[in-house]
Amino acid sequence: MPPWGAALALLLAVLALFSLLGQRLWRPWKRAVGARTLQGAPDRDDEEEVAGGGPTDRFSDRHEPLPGGCSLICKPSALAQCLLRALRRSAALDPGRRSWLSGPHLQTLCHFVLPVGPGPELAREYLQLADDGLVALDWVVGLCGRGRRVTNPGGLPAVLLVIPNAWGRLTRNVLGLCLLALERGYYPVIFHRRGHHGCPLVSPRLQPFGDPSDLKEAVTYIRFRHPAAPLFAVSEGSGSALLLSYLGECGSSSYVTGAACISPVLRCREWFEAGLPWPYERGFLLHQKIALSRYATALEDTVDTSKLFRSRSLREFEETLFCHTKSFPISWDTYWDRNDPLRDVDEAAVPVLCICSADDPVCGPPDHALPTELFHSNPYFFLLLSRHGGHCGFLRQEPLPAWSHEVILESFRALTEFFRMEEKMKGLSRHRASFLGGRRRWGSLQKREVSPSSNLEEIFSWKRSYTR
């Protein structure tokens, strides 16, 4: 049997199992991630179906309706209005004809289980880090015969940094995003952590869940190779913890123009502690065990490998690997003090678009999985919430790419235009101030004290101006 046949058979078996246990897979998430329901209280989904509302009704505060049953939740600002106009013009959000893959589990399984197939041509580079570890950068260089559009008119093509999920699996949607970005004129590059996707583990140290130190060195190298090109970043699923940690720690020095997170895990500690529906929990856990089994001998000096490979949950696996080390053991609380992706979120100075689905079977229901106060109070964070899409799915009828990919690239284009207009207005303001200053009459009677507010444009950069 060919490999694709085995994968298809496995998919059909899992789908049959899901059809039998569908209620058990979704209902437990109603009380996950800190949710509390009173005994005998009616189910929220049933109430919404009766009332005719949708899953975004609970986010009605400060939300802007979009085509396809989506909503944009954000703090009002000039940048928010620009992004809202771009999303309302987007053809990717048009509902159109629903795909047979509209179910949340089908969308998720097609994303994670189906074989990748023929992907783009990749040119790999290994980057040696300060502690002699290795990370990999896969530059997408092939399958661009359909032509490339210019993403930065009058400038260099932008670099798109793609961060896969924290388990190290390179999925179909990641490669699909890279191909679409390549066609649109970007230079996509995929970041692989230590020991992930064929990257050798040359030192007995793996990258914790939200530690951006390796990513910082990778971004520095990318800036060295393309010093004048704009840099955008996209993360997938659990890999969003790494991107958000990087943006929070680096602040305005991140070198990133804009970022997007597809189905991000934002409340990570609660996510680990609550656990996933058991097929996803077992699947992700098995994938990690298989990936690390080749390094079992090298890790024996740092962790208890026998306990590690006997782990029965993602939390137990994560805690054994990074907390119960033989050299520097730490507590579970200390681990999340250092790795919570939102620990420095107030320092982030880059627009971040989070695309989430209300029927996400991995992250859980949005009212418990998403910190809505973040999007209501922080002008840099935007939440695009859809009714359907599963976890990192957002699939459409073939051969169209996932609509999340189209929306992300369109939002990046809107950001680029917005920043260009901001710089143009800033230049005109400076020119006007210089012109008026040259006509000022001499004489002490005509002298006036310059208002302190006239120098604000020199003090604050555009990173402050577009949040007005």
Side-chain angles (χ1 to χ4, degrees), residues 64 66 72 74-93 147-162 177 180-189 219 222-234 243 247 250-261 348-355 378-382 384 404-436 454-468:
E64 296 290 344
L66 294 171
L72 182 67
C74 59
K75 182 178 181 179
S77 66
L79 179 59
Q81 290 299 319
C82 174
L83 184 60
L84 184 62
R85 289 193 297 268
L87 292 176
R88 284 176 173 168
R89 293 194 304 263
S90 174
L93 293 180
R148 296 161 63 100
R149 304 181 194 175
V150 179
T151 59
N152 188 27
L156 296 175
V159 176
L160 182 67
L161 175 61
V162 181
L177 172 62
L180 183 63
L182 189 70
E183 180 185 347
R184 300 291 173 86
Y186 291 83
Y187 286 152
V189 55
V219 171
I222 293 173
R223 293 293 299 172
F224 171 77
R225 283 197 54 175
H226 301 276
L231 176 62
F232 295 91
V234 178
L243 176 59
L247 296 177
C250 295
S252 59
S253 303
S254 64
Y255 301 112
V256 177
T257 303
C261 302
V350 172
V352 180
L353 175 64
C354 297
I355 302 180
N378 194 314
Y380 293 99
F381 282 80
F382 306 87
L384 177 58
S404 57
H405 302 167
E406 294 271 6
V407 167
I408 287 172
L409 297 182
E410 290 174 1
S411 67
F412 287 166
R413 185 176 182 86
L415 289 179
T416 303
E417 294 294 332
F418 181 83
F419 296 154
R420 183 178 296 110
M421 290 301 298
E422 287 284 314
E423 293 293 343
K424 184 177 179 180
M425 292 175 63
K426 179 191 266 188
L428 290 175
S429 178
R430 287 177 178 173
H431 178 73
R432 177 180 176 83
S434 176
F435 176 74
L436 293 178
S454 63
N455 293 327
L456 288 180
E457 288 186 2
E458 300 294 335
I459 298 174
F460 296 106
S461 66
W462 55 264
K463 292 177 180 178
R464 295 292 182 184
S465 66
Y466 67 75
T467 61
R468 64 181 184 272

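Sequence positions, counted from 1, serve as the residue numbers for this chain.
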**Request:** Grab the two heavy atoms, one from Ser411 and one from Leu83, that are nearest each other, plus how far apart they are.
**Result:** CB-CD1, 3.6 Å
**Asked** Between Arg413 and Glu410, does at least one N-O distance fall below 4.0 Å, as a salt bridge requires?
**Response** no
**Prompt:** Looking only at heavy atoms, what is the nearest atom pair of Val350 and Ala259, with distance?
**Reply:** CG1-N, 4.1 Å
**Request:** Apply side-chain contact (heavy atoms from CB on, under 4.5 Å) to the pair Leu72 and Phe382, showing each step before the final yes or no.
**Result:** CA-CA 7 Å; Leu72 182 67; Phe382 306 87; 4.1 Å; yes
**Prompt:** Which distance, rounded to the nearest 0.5 Å, do you find between the OG of Ser254 and the CG of Leu231?
**Reply:** 8.0 Å
**Message:** Can you list everything that forms a ring pair (Phe, Tyr, Trp, His ring centres under 6.0 Å) with Phe412? Sequence neighbours excluded, please.
**Reply:** Phe232
**Request:** Please report the closest heavy-atom contact between Leu415 and Gly258, naming both atoms and the distance.
**Result:** CD1-CA, 4.0 Å
**Prompt:** What is the distance from atom CG of Leu177 to atom OH of Tyr186, rounded to the nearest 0.5 Å?
**Reply:** 10.0 Å
**Fill in**
Distance col, row Leu182:CG vs Leu160:CG, nearest 0.5 angstrom, shows 10.5 Å
**Request:** First locate atom OH of Tyr380, then atom OG of Ser77, and finally report the distance between them rounded to the nearest 0.5 Å.
**Result:** 9.5 Å
**Request:** Check Gly251 against Ala349 and note the closest heavy-atom contact, atom names and distance.
**Result:** C-CB, 4.1 Å
**Asked** Leu243 and Val234: side-chain contact (heavy atoms from CB on, under 4.5 Å), yes or no, with the steps?
**Response** CA-CA 8 Å; Leu243 176 59; Val234 178; over 6 Å; no
**Item:** Heavy-atom pair with the smallest gap, counting every atom of Pro157 and Ala229
**Value:** O-CB, 3.3 Å
**Request:** Check the pair Glu417, Arg420 against salt bridge (Lys or Arg N to Asp or Glu O under 4.0 Å), reporting the backbone distance first and the verdict last.
**Result:** CA-CA 5 Å; Glu417 294 294 332; Arg420 183 178 296 110; 3.0 Å; yes
**Message:** I'd like to check the side-chain contact (heavy atoms from CB on, under 4.5 Å) partners of Arg88; sequence neighbours left out, ordered by chain and number.
**Reply:** Glu64, Pro65, Leu66, Leu84
**Prompt:** Where is the tightest heavy-atom contact between Cys82 and Ala414, given as atom of each residue plus distance?
**Reply:** SG-O, 3.8 Å
**Asked** Salt-bridged, Arg184 to Glu406, with N to O below 4.0 Å?
**Response** yes
**Request:** Would you give the length of the straight line joining atom CG of Leu87 to atom CG of Leu353, rounded to the nearest 0.5 angstrom?
**Result:** 7.0 Å
**Message:** Testing Val159, Leu161, Val219 one by one against Tyr255 for a side chain to side chain contact (heavy atoms under 4.5 Å, CB included), which residue passes?
**Reply:** Val219
